[in-house]
Protein chains: 2
Amino acid sequence: MQDGTFTSAGHLHETCRGDAYARDCPTRQLLDRIGDKWSVLILLLLGEEEMRFSRLKQRIDGISQKMLSHTLRSLERDGLLTRHPVATVPVTVSYRITPLGRDLLGALRMMIDWAETRMSEVAAAQARFDRERVPA
Amino acid sequence: MQDGTFTSAGHLHETCRGDAYARDCPTRQLLDRIGDKWSVLILLLLGEEEMRFSRLKQRIDGISQKMLSHTLRSLERDGLLTRHPVATVPVTVSYRITPLGRDLLGALRMMIDWAETRMSEVAAAQARFDRERVPA
DNA sequence: CTGGATCCCACGCGATACTG
DNA sequence: CAGTATCGCGTGGGATCCAG
(Lines give C-alpha, C1' and ligand atoms only; values in the text may rest on other atoms or scores of the structure.)
Protein backbone atom coordinates (compact mmCIF):
# COMPACT_ATOMS: atom_id res chain seq x y z
CA MET A 1 0.00 0.00 0.00
CA GLN A 2 2.91 2.34 -0.27
CA ASP A 3 2.47 2.85 -3.93
CA GLY A 4 2.05 6.57 -3.78
CA THR A 5 5.52 7.29 -2.64
CA PHE A 6 5.97 10.53 -4.44
CA THR A 7 7.94 12.34 -1.81
CA SER A 8 8.74 15.23 -4.12
CA ALA A 9 10.47 16.99 -1.29
CA GLY A 10 12.39 19.16 -3.71
CA HIS A 11 11.39 22.77 -3.53
CA LEU A 12 10.40 24.73 -6.58
CA HIS A 13 13.08 25.48 -9.05
CA GLU A 14 13.68 28.93 -10.39
CA THR A 15 12.95 28.96 -14.09
CA CYS A 16 10.95 26.44 -16.02
CA ARG A 17 9.94 28.80 -18.80
CA GLY A 18 7.78 26.35 -20.65
CA ASP A 19 10.54 23.80 -20.62
CA ALA A 20 9.76 20.43 -19.28
CA TYR A 21 13.08 19.58 -17.74
CA ALA A 22 12.72 20.80 -14.20
CA ARG A 23 11.84 18.31 -11.50
CA ASP A 24 8.39 19.67 -10.93
CA CYS A 25 7.31 19.91 -14.52
CA PRO A 26 4.11 18.29 -15.78
CA THR A 27 6.13 16.23 -18.19
CA ARG A 28 8.09 14.61 -15.42
CA GLN A 29 4.96 13.97 -13.49
CA LEU A 30 3.30 12.28 -16.41
CA LEU A 31 6.39 10.20 -17.07
CA ASP A 32 6.45 9.16 -13.43
CA ARG A 33 2.88 7.95 -13.68
CA ILE A 34 2.49 6.21 -16.98
CA GLY A 35 6.17 5.50 -17.47
CA ASP A 36 5.82 2.18 -15.73
CA LYS A 37 5.62 -1.17 -17.38
CA TRP A 38 1.85 -1.57 -17.68
CA SER A 39 -0.12 1.68 -17.63
CA VAL A 40 0.05 2.35 -21.33
CA LEU A 41 -1.01 -1.17 -22.23
CA ILE A 42 -4.01 -0.98 -19.94
CA LEU A 43 -5.10 2.38 -21.27
CA LEU A 44 -4.68 1.09 -24.77
CA LEU A 45 -6.99 -1.83 -24.11
CA LEU A 46 -9.59 0.20 -22.32
CA GLY A 47 -9.50 2.58 -25.22
CA GLU A 48 -10.94 -0.20 -27.33
CA GLU A 49 -13.69 -1.13 -24.95
CA GLU A 50 -14.75 -1.34 -21.34
CA MET A 51 -13.23 -4.42 -19.82
CA ARG A 52 -13.28 -6.62 -16.74
CA PHE A 53 -10.37 -7.41 -14.50
CA SER A 54 -9.99 -11.00 -15.64
CA ARG A 55 -10.31 -10.02 -19.26
CA LEU A 56 -7.55 -7.46 -18.93
CA LYS A 57 -5.38 -10.00 -17.25
CA GLN A 58 -5.77 -12.50 -20.03
CA ARG A 59 -5.24 -9.98 -22.78
CA ILE A 60 -2.09 -8.45 -21.38
CA ASP A 61 0.51 -11.08 -21.83
CA GLY A 62 2.64 -11.54 -18.76
CA ILE A 63 1.06 -9.17 -16.28
CA SER A 64 0.63 -10.43 -12.74
CA GLN A 65 -2.61 -9.89 -10.85
CA LYS A 66 -0.73 -7.83 -8.35
CA MET A 67 0.57 -5.39 -10.93
CA LEU A 68 -2.73 -5.28 -12.76
CA SER A 69 -4.44 -4.45 -9.51
CA HIS A 70 -1.89 -1.82 -8.53
CA THR A 71 -1.78 -0.19 -11.91
CA LEU A 72 -5.55 -0.06 -12.22
CA ARG A 73 -5.81 1.59 -8.84
CA SER A 74 -3.13 4.07 -9.74
CA LEU A 75 -4.82 4.99 -13.00
CA GLU A 76 -8.14 5.29 -11.24
CA ARG A 77 -6.57 7.62 -8.74
CA ASP A 78 -5.22 9.73 -11.57
CA GLY A 79 -8.69 10.02 -13.04
CA LEU A 80 -7.74 8.20 -16.22
CA LEU A 81 -10.20 5.39 -15.75
CA THR A 82 -13.19 4.53 -13.58
CA ARG A 83 -14.05 1.39 -11.69
CA HIS A 84 -17.49 -0.18 -11.96
CA PRO A 85 -18.25 -3.02 -9.53
CA VAL A 86 -21.30 -5.15 -10.27
CA ALA A 87 -22.83 -7.00 -7.34
CA THR A 88 -23.26 -10.32 -9.05
CA VAL A 89 -22.68 -13.56 -7.19
CA PRO A 90 -19.00 -13.79 -7.84
CA VAL A 91 -18.35 -10.08 -7.90
CA THR A 92 -17.43 -8.66 -11.28
CA VAL A 93 -15.74 -5.33 -11.82
CA SER A 94 -15.29 -3.58 -15.08
CA TYR A 95 -13.05 -0.67 -15.93
CA ARG A 96 -13.78 2.14 -18.29
CA ILE A 97 -11.52 4.86 -19.63
CA THR A 98 -12.48 8.45 -18.84
CA PRO A 99 -12.57 11.36 -21.29
CA LEU A 100 -9.33 12.54 -19.74
CA GLY A 101 -7.78 9.15 -20.30
CA ARG A 102 -9.13 8.87 -23.81
CA ASP A 103 -7.58 12.19 -24.62
CA LEU A 104 -4.18 11.06 -23.45
CA LEU A 105 -4.67 7.87 -25.39
CA GLY A 106 -4.83 9.85 -28.60
CA ALA A 107 -1.29 10.99 -28.04
CA LEU A 108 -0.14 7.59 -26.91
CA ARG A 109 -1.46 5.96 -30.02
CA MET A 110 0.80 8.07 -32.19
CA MET A 111 3.66 6.63 -30.23
CA ILE A 112 2.34 3.13 -30.76
CA ASP A 113 1.99 3.73 -34.45
CA TRP A 114 5.56 4.89 -34.57
CA ALA A 115 6.59 1.72 -32.79
CA GLU A 116 4.78 -0.53 -35.22
CA THR A 117 6.20 1.10 -38.30
CA ARG A 118 9.69 2.05 -37.14
CA MET A 119 10.86 -0.41 -34.53
CA SER A 120 12.40 -2.51 -37.26
CA GLU A 121 14.71 0.40 -38.03
CA VAL A 122 15.65 0.57 -34.38
CA ALA A 123 16.48 -3.12 -34.40
CA ALA A 124 18.63 -2.60 -37.47
CA ALA A 125 20.42 0.33 -35.84
CA GLN A 126 21.15 -1.78 -32.82
CA ALA A 127 22.57 -4.61 -34.88
CA ARG A 128 24.82 -2.17 -36.71
CA PHE A 129 25.97 -0.54 -33.50
CA ASP A 130 26.77 -3.86 -31.85
CA ARG A 131 28.64 -5.06 -34.89
CA GLU A 132 30.89 -2.02 -35.08
CA ARG A 133 31.49 -1.54 -31.39
CA VAL A 134 33.42 -4.67 -30.54
CA PRO A 135 30.79 -6.92 -29.01
CA ALA A 136 33.35 -8.32 -26.59
CA MET B 1 10.02 -18.75 -17.70
CA GLN B 2 8.49 -18.50 -21.10
CA ASP B 3 4.89 -19.40 -21.39
CA GLY B 4 3.37 -20.53 -24.61
CA THR B 5 4.38 -17.63 -26.73
CA PHE B 6 3.30 -18.27 -30.28
CA THR B 7 6.57 -17.57 -31.99
CA SER B 8 5.71 -18.51 -35.50
CA ALA B 9 8.82 -18.05 -37.54
CA GLY B 10 8.43 -15.53 -40.31
CA HIS B 11 5.75 -12.94 -39.83
CA LEU B 12 4.91 -12.67 -36.20
CA HIS B 13 4.21 -9.06 -36.95
CA GLU B 14 0.81 -9.89 -38.34
CA THR B 15 -0.50 -11.33 -35.12
CA CYS B 16 0.42 -8.20 -33.27
CA ARG B 17 -1.52 -5.96 -35.58
CA GLY B 18 -4.05 -4.14 -33.48
CA ASP B 19 -3.12 -6.37 -30.61
CA ALA B 20 -0.08 -4.81 -29.07
CA TYR B 21 -0.23 -6.68 -25.84
CA ALA B 22 1.89 -9.71 -26.56
CA ARG B 23 5.35 -9.86 -25.13
CA ASP B 24 7.14 -9.50 -28.43
CA CYS B 25 5.18 -6.57 -29.78
CA PRO B 26 6.80 -3.39 -31.06
CA THR B 27 4.87 -1.45 -28.47
CA ARG B 28 6.43 -3.35 -25.61
CA GLN B 29 9.82 -2.96 -27.14
CA LEU B 30 9.45 0.77 -27.46
CA LEU B 31 8.18 1.04 -23.93
CA ASP B 32 11.15 -0.96 -22.72
CA ARG B 33 13.49 1.48 -24.41
CA ILE B 34 12.14 4.91 -23.84
CA GLY B 35 10.07 3.99 -20.81
CA ASP B 36 12.93 4.82 -18.51
CA LYS B 37 13.38 7.94 -16.48
CA TRP B 38 15.42 10.05 -18.88
CA SER B 39 15.15 9.09 -22.54
CA VAL B 40 12.16 11.22 -23.35
CA LEU B 41 13.65 14.30 -21.71
CA ILE B 42 16.86 13.91 -23.66
CA LEU B 43 15.07 13.45 -26.97
CA LEU B 44 12.95 16.44 -26.18
CA LEU B 45 15.98 18.64 -25.64
CA LEU B 46 17.83 17.41 -28.69
CA GLY B 47 14.69 18.07 -30.65
CA GLU B 48 15.24 21.73 -29.94
CA GLU B 49 18.87 21.80 -30.91
CA GLU B 50 22.08 19.88 -31.06
CA MET B 51 23.64 19.86 -27.63
CA ARG B 52 26.77 18.95 -25.72
CA PHE B 53 27.07 16.53 -22.85
CA SER B 54 27.60 19.13 -20.20
CA ARG B 55 24.84 21.29 -21.55
CA LEU B 56 22.39 18.40 -21.40
CA LYS B 57 23.47 17.66 -17.89
CA GLN B 58 22.80 21.16 -16.70
CA ARG B 59 19.48 21.46 -18.48
CA ILE B 60 18.03 18.22 -17.21
CA ASP B 61 17.44 18.83 -13.58
CA GLY B 62 18.56 15.96 -11.40
CA ILE B 63 20.18 13.61 -13.88
CA SER B 64 23.46 12.04 -12.86
CA GLN B 65 26.34 11.89 -15.28
CA LYS B 66 26.16 8.14 -15.16
CA MET B 67 22.57 8.02 -16.28
CA LEU B 68 23.07 10.70 -18.88
CA SER B 69 25.96 8.75 -20.27
CA HIS B 70 24.07 5.47 -20.24
CA THR B 71 20.91 6.86 -21.73
CA LEU B 72 22.75 8.68 -24.48
CA ARG B 73 24.56 5.54 -25.44
CA SER B 74 21.35 3.58 -25.41
CA LEU B 75 19.60 6.10 -27.62
CA GLU B 76 22.57 6.15 -29.94
CA ARG B 77 22.45 2.40 -30.20
CA ASP B 78 18.77 2.61 -31.07
CA GLY B 79 19.55 5.01 -33.87
CA LEU B 80 17.58 7.84 -32.30
CA LEU B 81 20.53 10.17 -31.99
CA THR B 82 24.11 10.47 -33.20
CA ARG B 83 27.28 11.26 -31.34
CA HIS B 84 29.73 13.87 -32.61
CA PRO B 85 33.09 14.07 -30.83
CA VAL B 86 35.21 17.12 -31.48
CA ALA B 87 38.93 16.76 -30.87
CA THR B 88 39.43 19.97 -28.97
CA VAL B 89 41.81 20.13 -26.06
CA PRO B 90 39.37 19.06 -23.42
CA VAL B 91 37.30 16.81 -25.63
CA THR B 92 33.82 18.02 -26.41
CA VAL B 93 31.04 15.85 -27.71
CA SER B 94 27.74 16.98 -29.06
CA TYR B 95 24.64 14.96 -29.68
CA ARG B 96 22.18 15.35 -32.48
CA ILE B 97 18.78 13.77 -32.99
CA THR B 98 18.30 11.63 -36.10
CA PRO B 99 15.35 11.77 -38.50
CA LEU B 100 14.11 8.59 -36.89
CA GLY B 101 14.31 10.18 -33.49
CA ARG B 102 12.73 13.37 -34.65
CA ASP B 103 9.85 11.42 -36.01
CA LEU B 104 9.25 9.73 -32.69
CA LEU B 105 9.56 13.07 -31.03
CA GLY B 106 6.54 14.28 -32.93
CA ALA B 107 4.43 11.68 -31.21
CA LEU B 108 6.05 12.31 -27.87
CA ARG B 109 5.32 15.98 -28.02
CA MET B 110 1.60 15.32 -28.17
CA MET B 111 2.03 13.50 -24.91
CA ILE B 112 3.93 16.41 -23.45
CA ASP B 113 1.26 18.82 -24.58
CA TRP B 114 -1.33 16.69 -22.88
CA ALA B 115 0.74 16.75 -19.72
CA GLU B 116 1.06 20.50 -19.69
CA THR B 117 -2.60 21.16 -20.22
CA ARG B 118 -4.15 18.29 -18.30
CA MET B 119 -1.89 17.33 -15.44
CA SER B 120 -3.75 19.72 -13.19
CA GLU B 121 -6.86 17.64 -13.70
CA VAL B 122 -4.91 14.57 -12.74
CA ALA B 123 -3.75 16.27 -9.58
CA ALA B 124 -7.33 17.20 -8.79
CA ALA B 125 -8.50 13.65 -9.38
CA GLN B 126 -5.84 12.38 -7.03
CA ALA B 127 -6.81 14.78 -4.29
CA ARG B 128 -10.43 13.72 -4.63
CA PHE B 129 -9.54 10.05 -4.59
CA ASP B 130 -7.37 10.39 -1.51
CA ARG B 131 -10.02 12.37 0.30
CA GLU B 132 -12.74 9.82 -0.28
CA ARG B 133 -10.67 6.72 0.29
CA VAL B 134 -9.71 7.10 3.92
CA PRO B 135 -6.11 8.28 3.73
CA ALA B 136 -5.28 6.20 6.78
C1' DC C 1 35.00 18.05 -20.54
C1' DT C 2 33.39 13.42 -21.30
C1' DG C 3 32.32 9.25 -19.41
C1' DG C 4 33.91 4.65 -17.58
C1' DA C 5 34.07 1.51 -13.11
C1' DT C 6 32.30 0.42 -8.45
C1' DC C 7 29.55 0.28 -4.53
C1' DC C 8 25.09 -0.02 -2.86
C1' DC C 9 20.38 0.69 -1.70
C1' DA C 10 15.51 1.34 -2.85
C1' DC C 11 11.80 -0.37 -5.10
C1' DG C 12 9.43 -2.33 -9.17
C1' DC C 13 7.61 -6.37 -9.94
C1' DG C 14 6.95 -11.35 -10.03
C1' DA C 15 5.56 -15.74 -7.37
C1' DT C 16 2.79 -17.59 -4.12
C1' DA C 17 -0.81 -17.98 -0.70
C1' DC C 18 -5.04 -16.27 1.38
C1' DT C 19 -9.97 -13.85 1.55
C1' DG C 20 -14.81 -12.31 0.54
C1' DC D 1 -14.08 -13.42 -9.72
C1' DA D 2 -11.44 -9.64 -7.87
C1' DG D 3 -8.63 -8.55 -5.16
C1' DT D 4 -5.00 -8.27 -0.68
C1' DA D 5 -0.69 -9.65 2.05
C1' DT D 6 3.97 -11.28 2.21
C1' DC D 7 8.43 -12.50 0.67
C1' DG D 8 12.28 -12.13 -2.26
C1' DC D 9 15.14 -10.91 -6.12
C1' DG D 10 16.81 -8.20 -10.05
C1' DT D 11 18.06 -3.87 -11.40
C1' DG D 12 17.45 1.06 -12.16
C1' DG D 13 19.81 4.58 -10.84
C1' DG D 14 22.29 7.80 -7.49
C1' DA D 15 27.05 8.88 -5.26
C1' DT D 16 31.66 8.74 -5.70
C1' DC D 17 36.22 8.00 -7.60
C1' DC D 18 39.08 7.54 -11.57
C1' DA D 19 40.96 8.50 -16.46
C1' DG D 20 41.75 10.04 -21.22
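The model shown is predicted, which means the values in this text are computed figures rather than measured ones. Residue numbers start from 1 in every chain, and the chains themselves are labelled A, B, ... in the order their sequence lines are given, proteins ahead of strands.
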Between B:Arg118 and B:Glu121, is the closest basic N to carboxylate O distance under 4.0 Å?
yes
Per B:Lys37 side chain, nearest of listed nucleotides C:dC13, D:dT4, D:dG13
D:dG13
Of the options C:dT2, D:dG3, D:dA2, whose atoms approach the side-chain atoms of A:Gln65 most closely?
D:dG3
Determine yes or no for a side-chain-to-main-chain donor-acceptor pair under 3.5 angstrom, with B:Asp78 supplying the side chain and A:Val122 the backbone.
no
For the student: nearest non-hydrogen atoms of A:Gln65 and A:Phe53, plus distance
O-CZ, 3.9 Å
Return the nearest nucleotide to the side chain of A:Val93; candidates are C:dT2, D:dG3, C:dG14.
D:dG3
Among residues 68-77 of chain B, which residues get a heavy atom nearer than 4.0 Å to DNA chain C?
B:Ser69, B:Arg73
Report the nucleotide, chosen from D:dG3, C:dC1, C:dG3, that has the shortest atom-to-atom distance to any side-chain atom of B:Pro90.
C:dC1
Just report the end-to-end axis angle for the helix from C:dC1-D:dG20 to C:dG20-D:dC1, five pairs per end, to 10 degrees.
50°
Strictly below 4.0 Å, N to O, side chains only: are A:Arg83 and A:Glu76 in salt-bridge contact?
no
Please tell me which of A:Met67 and B:Lys66 maps to the more 5' nucleotide of DNA chain C, matching each residue to the nucleotide holding its nearest heavy atom.
B:Lys66
Below 3.5 Å, can you tabulate the donor-acceptor pairs from side chains in residues 108-115 of chain A to any protein atom, sequence neighbours excluded?
none

